[in-house]
Structure formats: C-alpha cells, structure tokens
S.K.: 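I have a structure here, written as structure tokens, and I will follow up with some questions on it.
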Amino acid sequence: MTKPVRVRFAPSPTGPLHIGGVRTALFNYLFAKKHKGTFVLRIEDTDQNRYVEGAESYIVESLNWCGIPFDEGPGKNETHGPYRQSERKHLYKQYADQLIESGHAYYAFDTAETLDFHRKDHEAKGKTFIYNWHNRLKLSNSLSLSQEDVQAKLDSGEDYVVRFKSPQDQTLHLKDIIRGDIKIDTNILDDKVLFKSDGMPTYHLANIVDDHLMEVSHVIRGEEWLPSLALHYQLYDAFGWETPQFAHLPLILKPTGKGKLSKRDGDKLGFPVFPLAWQDPKSHEISRGYKQDGYFPEAMVNFLAFLGWNPGTEQEIFSLEELINAFDLERVNKAGARFDPDKIKWFNHHYMQLQNDYDLAQAFQKSRAELSEIDTQYIEMVVTLIKERASFVSDFWELSHFFFVAPKDYDPKALKKAIKDDTVEILNKTKQLTENVEDVSVENLQSSIKGWIASNEIGFGKVMMPLRLALVGALQGPDVFDIMFMIGKAESIRRIDALIAAI
RNA sequence: GUUCCGUUGGUCAAAUGGUUAAGACGCCACACUUUCUAUGUGGAAUUAGGGGUUCGAUUUCCCUACGGAAUACCA
C-alpha cells in the first residue's frame, strides 16, 4: 500500500444514476479522501446502442449535488485522460492483439445466430452452453481453424470477436477486501468476449486496460461484478500487470419483497430512487429526484453511508468530514441491505433542524403562491417556530398556514373536544384580556391570560383549547401565545370573534 | 439448471468462542404541554433449521432451506 490511492467510479451513461450507483460513488469518494487519494470519474460508454443523451451530465450534476465531486474526469484535471471510453477506442485494439500474440486470447468467427442456436439447444436439454475449453475446438475460431483459414477470414473482412482463452484445470485464488478469499475453478469459466465485432472493447477489456493506465489502486464496485472477478484477475496476469485491490459492495435491496432496488419500487412506495429528477429524452417520462422531493444532500449521504457500512459505535449522525474519518472498507457488510424510506426521512428531519431558517423561509416562500407578497423575515420567524415538526419544506404549509391565513372552518373533532357550555363566555373574556394588552409581546399576552386563568382557578384547557381552535382552526401548532404575537392583536381578536360567531 | 456471494428483531445493524445479544428507524404505551406530526421515558421484538467441534458456539466446520447476483459481441 505504498502506491497512492486512486479509485474510480465508472458508470455507463445509459440513464440517470440510481441510488445504488450513488452509494458506490460515495464509498469510492470516502475511501479516496480517507487515504488522501484521488477520486476519478470514468464514463463507460463502449455500448453505443445504449447511450442516452444527457446521462453523463446528469451523473456529474448528481455527484456535485451530493457533495462528492470527482477530482479527475471528463473536463477536470485530465492527467490520465481521456475519461470517456469512446474517446479511448484507439487504445484497446493493441491490447487485444497483445493477448492474441501471447496466446491468452483468440479470434472467434461464430455468428450471433450460431451461438444463439447453441444456447437454446442446450437450454432445451436442461444444460448451459458455455463457450470454453470443452467445446471451443468444435466452434469457429483461430484455435479450431487452420492458420490459412483464419487469415483468409480476417483478410476478407469477416466479422470477428476476440475471446479470452480461459485455462483448464486451474484453481484461482481471488481476494476481496470485504469478502476475503474466494476460490474459483477455471473449468466453469467461459471464454469471454474481450473485443467486439464493432471495433469496441467489451467492459472487461476496457475496464482492465483503463484501470491499469489510470493507475487505479482499488476497485470498489457493486457485488454484481463479483462473478467477473476471476476473469479480471486473469487479465491482469495475462498482461503482466499488477492487480489492484478489489472490494465488492453489497447490493441495495427493495424495501419490501425481493431483489435489487428498482425505479418501480420508488413509484410504488412513494420515494425517489434517483438523486435528481430526470426526464427520459425519448419517452419524456419524468422520474422524481431526492433534490426535488426536498431531501437535503447531507441527509441522503448520511443515510446511504449506513447502508452496508457502520462505524461500530453508536454515532449515527455523520457529516461528510466525519464519514471520511470513520470510513473503513473492512467494516463494510457482506449482506445486501434493504432500503428504508422511513429512515432517510428521519435523517432529513434531523438535518432540517440544522438548516438556516432564512434559507428555508426563502425556499418555503418560493413554493407557495400565497406567500409571494409576505415579508421573508416574517416567514423566517414562522419557520423557526414550526420546523422542529417538519421533515421537508413541503410540510411547512400544513404546519403554518394559520400564520398567514385565518381558519376558514374548524376541525369537527376539535370543536367537540374544545367547546363546552361556557366557552363563549370564556372566549369573550379572552378577547377582552387580549385587547387589554398594551405592549404586545409573547410574555405580556401570556401573563395576561395565564394570570387570569390562575386567579380564577379555571382549567387551563377550558381557556386554551378554544383559543387555539379560534386561531388555528384545529388543535395543532406551536405555542398559542407565539401565534397570537405573530399574527398580531387585531387579527387574534378577529379570529376569536369568528369562532364565537360560529358556535 | 450451474457457479459464486450471502442469512442476528419488521428494517439498518453491534458483539466474533464466555455479556441480561448494543444502538438506530419503525411500531406500541406513558409522560410533558394549551394542542401536535415534536421532545422525553419505557415496552414488545432477533442469532433461518439441523448436525459436528468445544467445558461453552451468534461467533468455527458440514448439510439443508431461503435470498441475491452472474450465466450476452450490456455495463
């Protein structure tokens, strides 16, 4: 571990970055920062058919919003670039050739139809078709054909792929930081395509070449890559390159049921699975995003960090800085983690309390047309009073509308609970007491009304509940005197009158 | 089907040969208070099943079950 730490996040731009991808990026980022290393972004766009317009900039914007920007990547500190595999296309052919020369790979001419036929045929017999040592000599490739035939095919421009020649009867010892040692029998491995007939490398080749050229020290990626690890190890060996260290992260699972988290789960249970909202360029379908749904990036990062990792202490609230300090790949779990929408909401509630009230007030004001004419300072004071109950800015209106608009009707249950025979009498007295307050402040309103209650030995609830009902329209909200002070004496009296009239 | 990875309360999870098996979310109850979706206190709830090793197993080993991933000229 004397080499500088360099890690990469290597998404393929086939759509918006999903929450699992964000978690992978986050762990890469934390590991890089912890070891004063470099976090590289590489775009794996070797499949031209699946390229989606705008996906790359979406990925960049998402990382930035989360506060985990890359150090090196497209358009940024390009010391090991280019960072799009499509722009590195010219690099890969020579490495494929190198493997053919060294006998680690070979040309294969089988058509997609032929292979498809074999697969279907095997499947029908309950077997699996594997292109490797046990049948490669029966197929069309440079191991089964004569040298002349091969050359003729190549010269005539026939389509070919380059396949890795997987060895027979070997046991591979793989190492994973999270999972420990893994043993693999090479006989079950297939001769994976390294180089496609369209002139592009497959993921496997491009990945190894780029990780080597970009001097990646640690490959931290999702568990779905674990089955490819054997191939990747062999590729490093074949090239004679030093193998980086690997860590395969557990998957993020659906909140209920089985399987990997998917967009559909979010739609069904009402939470986003993408950091930012995304509109599909073709279908124009819009997917909601954490940002637009009112989540704070700190909350999302904190939550995501705890999906598959924990510090082993009781601390759960972590700033990014603290996460960097505490993070350790050795403490990453092996088992997949279920996504819990309630928990991320709880984190958001926590981070809400840490936000600046004026900023929140501005966001609140922008979100409601009713507030456009109201002084932002007033809104800020309201926010201060109600935010402890809120998880999202979108909760604010429900919690605070009575600071801006008089109640139009009264909650029937609350009416039943608060209104007694003597309520009108008490409300009239409360109104009078309010009128009598000269210098309107929370303290003066309070001492006036509470003093009267105390000296007359009336039940608190008998006075306070109707008063609250008059002001709010329901039995909710912050301190009654805070509300009275905020809306003012005149408005308070108007609302008391309105309730008296309604009884 | 095959290969690999995994399995501690409903969920996230700590502990790794010896503890009453932490803590958090959620749930329930109670308290506080003028109300509450807040806060506080408390409660219910876990080692997948079977076998082996051991004085002792959540921890090690084996089997079974279950779950996941991979099995493409996709990444």
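Letters A, B, ... are given to chains in the order of the sequence lines, protein chains preceding strands, and every chain is numbered from 1.
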S.K.: Could you tell me the Watson-Crick or G-U partner of B:C27, where both distances fall under 3.5 Å? Say none if there is no partner.
M.R.: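 Across all strands, the one nucleotide that pairs with B:C27 is B:G43.
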
S.K.: For RNA chain B, determine which residues of residues 157-168 of chain A have any heavy atom closer than 4.0 angstrom to one of its atoms, and list them numerically.
M.R.: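 Output list: A:Val161, A:Arg163.
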
S.K.: Tell me every residue that passes salt bridge (charged side-chain N to carboxylate O under 4.0 Å, His left out) with A:Lys125, counting only those two or more places apart in sequence or in another chain.
M.R.: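 With sequence neighbours excluded, A:Lys125 shows a salt bridge (charged side-chain N to carboxylate O under 4.0 Å, His left out) to A:Asp121, given in chain and number order.
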
S.K.: A:Ile177 has an atom CD1; how far is it from atom C1' of B:C5, in whole Å?
M.R.: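 It works out to 17 Å between those atoms.
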
S.K.: Could you tell me the Watson-Crick or G-U partner of B:U71, where both distances fall under 3.5 Å? Say none if there is no partner.
M.R.: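 Across all strands, the one nucleotide that pairs with B:U71 is B:G1.
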
S.K.: What nucleotide, of B:A22, B:C73, B:G26, holds the atom closest to the side chain of A:Asp342?
M.R.: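 From the listed options, B:G26 comes nearest.
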
S.K.: Just call it for A:Asp110: base, sugar-phosphate, or nothing, with non-hydrogen atoms closer than 4.0 Å on any strand.
M.R.: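 The answer is base, as A:Asp110 lies within the cut-off (heavy atoms under 4.0 Å) of a base atom.
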
S.K.: Where along residues 47-56 of chain A does a heavy atom fall under 4.0 Å from RNA chain B?
M.R.: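 Residues of residues 47-56 of chain A that come under 4.0 Å of RNA chain B are, in numerical order, A:Asp47, A:Arg50.
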
S.K.: Can you pull every protein N or O that's under 3.5 Å from an N or O on nucleotides 36-39 of chain B?
M.R.:
{"residue": "B:C36", "atom": "O2", "partner": "A:Arg389", "partner atom": "NE", "Å": "2.3"}
{"residue": "B:C36", "atom": "O2", "partner": "A:Arg389", "partner atom": "NH2", "Å": "2.9"}
{"residue": "B:C36", "atom": "N3", "partner": "A:Arg389", "partner atom": "NH2", "Å": "2.5"}
{"residue": "B:U37", "atom": "O4", "partner": "A:Gln476", "partner atom": "OE1", "Å": "3.3"}
{"residue": "B:A38", "atom": "O2'", "partner": "A:Glu388", "partner atom": "O", "Å": "3.3"}

S.K.: If pairing requires Watson-Crick or G-U wobble contacts with both distances under 3.5 Å, which nucleotide is the partner of B:U8?
M.R.: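 In the structure as shown, B:U8 has no Watson-Crick or wobble partner.
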
S.K.: Nearest whole angstrom, please: distance from the C1' of B:C4 to the CD of A:Glu224.
M.R.: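 Between C1' of B:C4 and CD of A:Glu224: 14 Å.
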
S.K.: Any salt bridge linking A:Glu316 with A:Lys343? Criterion: basic side-chain nitrogen under 4.0 Å from a carboxylate oxygen.
M.R.: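 Result for this pair is yes, salt bridge flagged.
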
S.K.: May I have the list of side-chain donor-acceptor pairs in residues 246-254 of chain A shorter than 3.5 Å, sequence neighbours left out?
M.R.:
{"residue": "A:His248", "atom": "ND1", "partner": "A:Asp176", "partner atom": "OD2", "Å": "2.7"}
{"residue": "A:His248", "atom": "NE2", "partner": "A:Arg221", "partner atom": "NH1", "Å": "3.0"}
{"residue": "A:Lys254", "atom": "NZ", "partner": "A:Asp265", "partner atom": "OD1", "Å": "3.2"}
{"residue": "A:Lys254", "atom": "NZ", "partner": "A:Asp265", "partner atom": "OD2", "Å": "3.4"}

S.K.: Round to the nearest Å and state the distance from A:Tyr106 atom OH to B:C73 atom P.
M.R.: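 That distance rounds to 11 Å.
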
S.K.: Quick one: do A:Arg389 and A:Asp395 make a salt bridge, cutoff under 4.0 Å?
M.R.: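 The answer is no: the pair does not qualify as a salt bridge.
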
S.K.: Taking the side chain of A:Ile182 as its heavy atoms from C-beta onward, which of B:C5, B:A75, B:G23 lies nearest to it?
M.R.: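 For A:Ile182, the side-chain atoms sit closest to B:C5.
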
S.K.: Rounding to a whole Å, what distance do you find between A:Asp190:CG and B:C74:C1'?
M.R.: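 That distance rounds to 14 Å.
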
S.K.: Under 6.0 Å from the ring centre and within 45 degrees of the ring axis: does the NZ or CZ of A:Arg23 meet both conditions for the six-membered ring of A:Phe27?
M.R.: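 Yes, A:Arg23 sits over the ring of A:Phe27.
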
S.K.: Please write out the pairs of protein N or O atoms and N or O atoms of nucleotides 6-15 of chain B separated by less than 3.5 Å, giving the distance to one decimal.
M.R.:
{"residue": "B:C12", "atom": "OP1", "partner": "A:Arg338", "partner atom": "N", "Å": "2.9"}
{"residue": "B:C12", "atom": "O2'", "partner": "A:Phe306", "partner atom": "O", "Å": "3.1"}
{"residue": "B:A13", "atom": "OP1", "partner": "A:Gly308", "partner atom": "N", "Å": "2.7"}
{"residue": "B:A13", "atom": "O3'", "partner": "A:Asn310", "partner atom": "ND2", "Å": "2.7"}
{"residue": "B:A14", "atom": "OP1", "partner": "A:Asn310", "partner atom": "ND2", "Å": "2.7"}
{"residue": "B:A14", "atom": "O3'", "partner": "A:Arg331", "partner atom": "NH2", "Å": "3.3"}
{"residue": "B:A15", "atom": "OP1", "partner": "A:Arg331", "partner atom": "NH1", "Å": "3.3"}
{"residue": "B:A15", "atom": "OP1", "partner": "A:Arg331", "partner atom": "NH2", "Å": "3.4"}

S.K.: Are A:Val442 and A:Met484 packed together at the side-chain level, in the sense that at least one heavy-atom pair is separated by less than 4.5 angstrom?
M.R.: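 Heavy-atom side-chain distance check fails, nothing below 4.5 Å.
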
S.K.: When you check the phosphate oxygens OP1 and OP2 of B:A75, does a side-chain N or O of A:Thr46 lie under 4.0 Å from one of them?
M.R.: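 Affirmative; the distance criterion is met.
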
S.K.: Among B:A69, B:U71, B:C73, which nucleotide has an atom closest to any side-chain atom of A:Thr128?
M.R.: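 Among B:A69, B:U71, B:C73, the one nearest the side chain of A:Thr128 is B:U71.
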
